[in-house]
Enquirer: 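First, the structure itself, so that you have it in front of you.
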Amino acid sequence: MKLRAVKGMNDILPDETRRWQRLEHVFRRTVEAYGYEELRTPVLEQKELFEKSTGETSEVVQKQMFTLERSGETLALRPEGTPSAARVYIGQSMHAREPETRWYYVGPMFRAEQPQRGRYRQFHQAGCELYGNPGPVCDAEMIDMLYRMLVDLGIPNVQVNVNSLGGPNARSLYRERLRAFFEPKRAELSPHAQERLADNPLRILDSKDPRDRAASDGAPVLLDVLDEDDQAHWRGLLQALDALGTPYTVDPRLVRGLDYYTRTCFELTAQTGELGSQNALLGGGRYDGMIESLGGPKTPAIGFAMGLERILLALGELEVARPELCFVAPLGEHAALEGVVLARRLRDRGLRVVLDGRDNSLKSKLRRANSMGARWCLVFGDSELDRKIVQVKDLTAHKQEELSPEEAVERLAAENAQPPGAVGSRP
RNA sequence: GUGGGUGUAGCUCAGUGGUAGAGCACUGGAUUGUGGCUCCAGGUGUCGCGGGUUCAAUUCCCGUCAUCCACCCCA
């Protein structure tokens, strides 16, 4: 057999995991500052859960799920996180425990698509779900949180797109108007859009096909068919975004691909060469009907998910600092015993220490220390053992001095105590 | 599912119808036990896989697989 990872699923090596850890750290710190707490759920769910929540007409459910049979059940690898959280919310009767529930999650998701830049079969999302708060200020606060997080991370050209899909009434009214609008010009549409006309005409609006673009000119605008409550909510959202000073663009054609969204939907994008054509970093919106439709109490809810691979692409090749490294290089058998003990004493003082126990030359040990980016190297062989000292090399300052092992431990511990602030990258 | 590009050393890639190269990396040496810079030396390849054309294929042709990019869709 060929030894390789499954198509569209990637191994992430230490050079990369450092960046992942930093991103996850920033994400957790950000959302925890807003009162979200972590929820962890299995990656396998009953397939039916996704059919009922993500939606039968969504492409994700129709053809992108990895499924498997097990003792009569059909299971699916989760293609997104929201349904699992909703299942827990209902199953744990969260509505009866607290008036508002705020959860976040981080983890792998699975969609059987053709892989390309920024899109993989196993990919990673970090997201939040907030249940029990119907107000538009809550939507604005979430969008503002996300905008600021992306900007703080250093992503260039972040853009916020918002739209309102209205409630169920407006939605079905709009669907009919769209059908009425497109039906006469059916022949002008792309084949794919023609299929969409029957089940989900909204999606024709965000098609990139020039034929659909042209045909969409003058199409009815969803914002015009909102009922009064929807409109009040929409105005409230924009007002709150204005109050927060969050820059945004109203995009009447923004329609998300999951069926459950109501009212507010949003997407944050970035423009960088690194990102390829997948420039949506994060998307979300309100899903006020989902909990009820899954059999729970009527509960307003809003959430988002961000694609970690895409965020990392947008961030580019930023180096993440590691804590200082101390390299212990004993020469000879006697020194090796001394070395393993000394290394542990250094670690007990909080240092990151690699003991080179290989039987090779000092030159190659020093080369290794250098290539690992070590700050210090402790060298000692028989002559040092006789004199009860070690050579303490500062590889950055190119200095070396002789200290007793005790002095060396104290010296390094003291110097390590005031490191430059490396964020979220502890090994 | 559809379209296009690419598969040669550990990595990045060059190259040719006559059995293959560079840079980087690695190891050793110049410096008996002192790194980064410099210089010298050293090795590895089913040339993705299968078939065809040919005296001869890594090179040309067909197929296949993988990968990348794009469409679709989405984070």
Side-chain angles (χ1 to χ4, degrees), chain A residues 2-10 13 15 54 57-64 78-82 106-127 146 150 190-193 195-196 200 203 206-210 212 254-258 266-270 275-285 303-314 327 329-332 335 356 358 360-385 391-400:
Chain A
K2 282 264 166 66
L3 252 37
R4 60 171 172 247
V6 169
K7 184 189 187 76
M9 306 200 180
N10 302 307
L13 275 58
D15 266 358
T54 308
T57 70
S58 71
E59 193 116 352
V60 168
V61 165
Q62 277 179 358
K63 41 185 178 183
Q64 296 180 353
R78 62 183 184 190
E80 57 149 344
T82 299
V106 181
M109 306 292 162
F110 304 84
R111 294 182 197 174
E113 303 178 88
Q114 201 55 242
Q116 69 183 67
R117 190 172 192 79
R119 199 184 70 184
Y120 306 100
R121 290 185 165 190
Q122 174 175 330
F123 61 106
H124 298 78
Q125 288 189 330
L146 295 168
L150 296 191
S190 67
H192 189 251
E195 290 172 29
R196 283 302 188 181
N200 198 349
R203 299 216 47 89
D206 66 354
S207 166
K208 288 181 205 160
D209 190 297
D212 300 334
L254 177 63
V255 179
R256 320 233 71 258
L258 311 181
F266 56 89
E267 187 171 273
L268 271 64
T269 61
L275 220 40
S277 64
Q278 310 294 327
N279 67 348
L281 298 177
L282 156 181
F304 71 89
M306 68 181 202
L308 300 187
E309 282 84 355
R310 290 186 187 175
I311 304 275
L312 290 168
L313 277 177
F327 195 86
L331 299 167
D356 188 345
R358 298 180 302 162
N360 56 4
S361 67
L362 175 61
K363 180 196 289 287
S364 64
K365 285 183 194 298
L366 280 168
R367 280 191 180 154
R368 180 71 184 142
N370 192 58
S371 73
M372 287 184 78
R375 163 77 191 284
W376 300 284
C377 185
L378 267 43
V379 178
F380 45 96
D382 290 338
S383 70
E384 282 80 8
L385 290 182
Q391 305 286 349
V392 178
K393 279 183 84 69
D394 183 326
L395 296 175
T396 311
H398 312 279
K399 285 182 192 155
Q400 174 168 336

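Throughout, protein chains are lettered first and strands after them, A, B, ... in sequence-line order, and every chain is numbered starting at 1.
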Enquirer: For A/E113, answer base if it contacts any base atom (sugar-phosphate contacts may also be present), sugar-phosphate if it contacts only those atoms, and nothing otherwise; contact means non-hydrogen atoms under 4.0 Å.
Expert: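 Touches a base.
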Enquirer: State the CD-CZ distance between A/Q125 and A/R78, to the nearest 0.5 angstrom.
Expert: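 Taking CD in A/Q125 and CZ in A/R78, the distance rounds to 9.0 Å.
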Enquirer: Work out how far the C1' atom of B/U46 is from that of B/U19, and round it to whole angstrom.
Expert: 13 Å
Enquirer: In whole Å, what is the span from the CG atom of A/L362 to the C1' atom of B/G28?
Expert: 15 Å
Enquirer: Judged by each residue's nearest nucleotide on RNA chain B, which is more toward the 5′ side, A/K63 or A/H124?
Expert: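 Comparing both residues, the 5'-ward one is A/K63.
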Enquirer: Taking a pair as Watson-Crick (N1 to N3 plus N6-O4 or O6-N4) or G-U wobble (N1-O2 and O6-N3), both under 3.5 Å, which stems of 3 or more consecutive pairs involve RNA chain B?
Expert: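 Runs of three or more consecutive pairs: B:1-7 with B:65-71, B:10-13 with B:21-24, B:26-30 with B:38-42, B:48-52 with B:60-64.
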Enquirer: In whole Å, what separates the C1' atom of B/A57 from that of B/C49?
Expert: 15 Å
Enquirer: Starting at CG of A/N370 and ending at C1' of B/G35, how long is that distance when rounded to a whole Å?
Expert: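 Rounded to whole Å, this separation is 5 Å.
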Enquirer: Return the minimal non-hydrogen interatomic distance between A/F123 and A/F110, and the atom names on each side.
Expert: CE2-N, 4.0 Å
Enquirer: Quick check: on RNA chain B, is the nucleotide nearest A/M306 upstream (toward 5') of the one nearest A/K399, or the reverse? Name the residue that is more 5'.
Expert: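 Result: A/K399.
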Enquirer: Set out, line by line, the N/O atom pairs under 3.5 Å between protein and nucleotides 67-69 of chain B.
Expert:
unit_1 : atom_1 : unit_2 : atom_2 : d
B/U67  : OP2    : A/K7   : NZ     : 3.4
B/C69  : OP1    : A/R117 : NH1    : 3.1
B/C69  : OP2    : A/R117 : N      : 2.8

Enquirer: When you measure from the side-chain N and O atoms of A/K363 to the phosphate of B/G35, is any distance below 4.0 Å, counting only OP1 and OP2?
Expert: yes
Enquirer: In whole Å, what separates the P atom of B/G42 from that of B/C61?
Expert: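 Each nucleotide's P atom is 38 Å from the other's.
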Enquirer: With heavy-atom distances below 4.5 Å as the criterion, would you say the side chains of A/K365 and A/N360 are in contact?
Expert: yes
Enquirer: Got a donor-acceptor pair under 3.5 Å from the side chain of A/R111 to the base of B/C73?
Expert: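 For A/R111, whose side chain was compared with the base of B/C73, there is no donor-acceptor pair (under 3.5 Å).
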Enquirer: Measure across A/A126 and A/L308 and return the closest heavy-atom pair with its distance rounded to 0.1 Å.
Expert: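 Looking at all heavy atoms of both residues, the shortest contact is CB-CD2, 3.9 Å.
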Enquirer: Rounded to the Å, how far apart are A/N279 CG and B/C71 P?
Expert: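 About 10 Å, once rounded to whole Å.
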Enquirer: Counting only heavy atoms not in A/R117, do more than 12 fall under 6.0 Å of its CZ?
Expert: yes
Enquirer: Which is true for A/A369 with a 4.0 Å heavy-atom rule: it touches a base, it touches only sugar-phosphate, or it touches nothing?
Expert: nothing
Enquirer: When the distance from NZ of A/K365 to P of B/G28 is rounded to whole Å, what number comes out?
Expert: 11 Å
Enquirer: Would you mind classifying the nucleic acid contact of A/Q400 as base, sugar-phosphate or nothing, using non-hydrogen atoms under 4.0 angstrom?
Expert: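 A/Q400: base contact, heavy atoms under 4.0 Å.
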Enquirer: Do A/S361 and B/G33 share a donor-acceptor pair, side chain to base, under 3.5 Å?
Expert: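 No such pair is found, so the answer is no.
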Enquirer: Using the P atom in both, what is the distance from B/C62 to B/A22, to the nearest Å?
Expert: 33 Å
Enquirer: Apply side-chain hydrogen bond (donor to acceptor under 3.5 Å, both in side chains) to residues A/Q391 and A/E384 and explain how you reach the verdict.
Expert: CA-CA 8 Å; A/Q391 305 286 349; A/E384 282 80 8; 3.2 Å; yes
Enquirer: Run the salt-bridge test on A/E113 and A/R119 with the 4.0 Å N-O cut-off and return the result as yes or no.
Expert: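 Answer for the salt bridge query: yes.
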Enquirer: Using a heavy-atom cut-off of under 4.0 Å over every strand shown, decide if A/L395 touches base, sugar-phosphate, or nothing.
Expert: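 Base contact.
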Enquirer: What's A/L331 touching, base or sugar-phosphate or nothing? Going by heavy atoms closer than 4.0 Å.
Expert: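 Answer is base: heavy atoms of A/L331 come under 4.0 Å of a base.
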Enquirer: Between B/A75, B/G28, B/U34, spot the one nearest the side chain of A/Q391, thanks.
Expert: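 Taking heavy atoms from C-beta onward, the closest nucleotide is B/U34.
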Enquirer: So for A/R119 and B/C72, does any side-chain atom that can act as donor or acceptor lie under 3.5 Å from a complementary atom in the base?
Expert: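 Under the 3.5 Å cut-off, the side chain and the base do form a donor-acceptor pair.
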Enquirer: Looking at every non-hydrogen atom in both residues, tell me the closest pair between A/G118 and A/R310 and how far apart they are.
Expert: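 Nearest heavy atoms, A/G118 then A/R310: O-NE, 2.7 Å.
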Enquirer: Distance alone, cut at 3.5 Å: any donor-acceptor contact between the side chains of A/E80 and A/T54?
Expert: yes
Enquirer: Rounded to whole Å, please give me the gap between CG in A/D394 and P in B/U34.
Expert: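 Going from CG in A/D394 over to P in B/U34 covers 19 Å.
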Enquirer: Using every non-hydrogen atom in the two residues, find where A/P115 and A/G8 come nearest and quote the distance to one decimal.
Expert: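 Nearest pair, atom of A/P115 first, then A/G8: CG-CA, 3.7 Å.
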Enquirer: Grab the two heavy atoms, one from A/T396 and one from A/R375, that are nearest each other, plus how far apart they are.
Expert: OG1-CD, 3.2 Å
Enquirer: With P as the reference atom in both, quote the distance from B/A14 to B/A56 in angstrom, rounded to an integer.
Expert: 30 Å
Enquirer: When the distance from CD of A/E267 to P of B/A75 is rounded to whole Å, what number comes out?
Expert: 8 Å
Enquirer: What is the distance, to the nearest angstrom, from the CE atom on A/M372 to the C1' atom on B/C26?
Expert: 16 Å
Enquirer: Provide the distance between the two P atoms, one in B/C71 and one in B/C13, to the nearest whole Å.
Expert: 23 Å
Enquirer: Just to be sure I understand the rule, does A/S371 reach a base, reach only the sugar-phosphate, or reach nothing, if contact means heavy atoms closer than 4.0 Å?
Expert: nothing
Enquirer: Report yes if a donor N or O on one partner sits less than 3.5 Å from an acceptor N or O on the other, where the partners are the side chain of A/Q64 and the base of B/G1; otherwise report no.
Expert: no
Enquirer: Could you check whether any side-chain N or O of A/K393 sits under 3.5 Å from a backbone N or O of A/K399, counting only pairs where one atom can act as donor and the other as acceptor?
Expert: no
Enquirer: Roughly how many Å apart are B/U59 and B/G18, using the P atom of each and rounding to a whole number?
Expert: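 It works out to 11 Å between them.
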Enquirer: Please classify the nucleic acid contact of A/Q62 as base, sugar-phosphate, or nothing, using heavy-atom distances under 4.0 Å.
Expert: nothing
Enquirer: Between B/A20 and B/G45, how far apart are the two P atoms, rounded to whole Å?
Expert: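 Comparing P positions in B/A20 and B/G45 gives a spacing of 11 Å.
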Enquirer: Please report, rounded to the nearest Å, how far the C1' atom of B/G35 is from the CG atom of A/L378.
Expert: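 That distance rounds to 15 Å.
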Enquirer: Please determine, for the side chain of A/R310, which listed nucleotide (B/A75, B/C72, B/G33) has the closest atom?
Expert: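 Among the listed nucleotides, the one closest to the side chain of A/R310 is B/A75.
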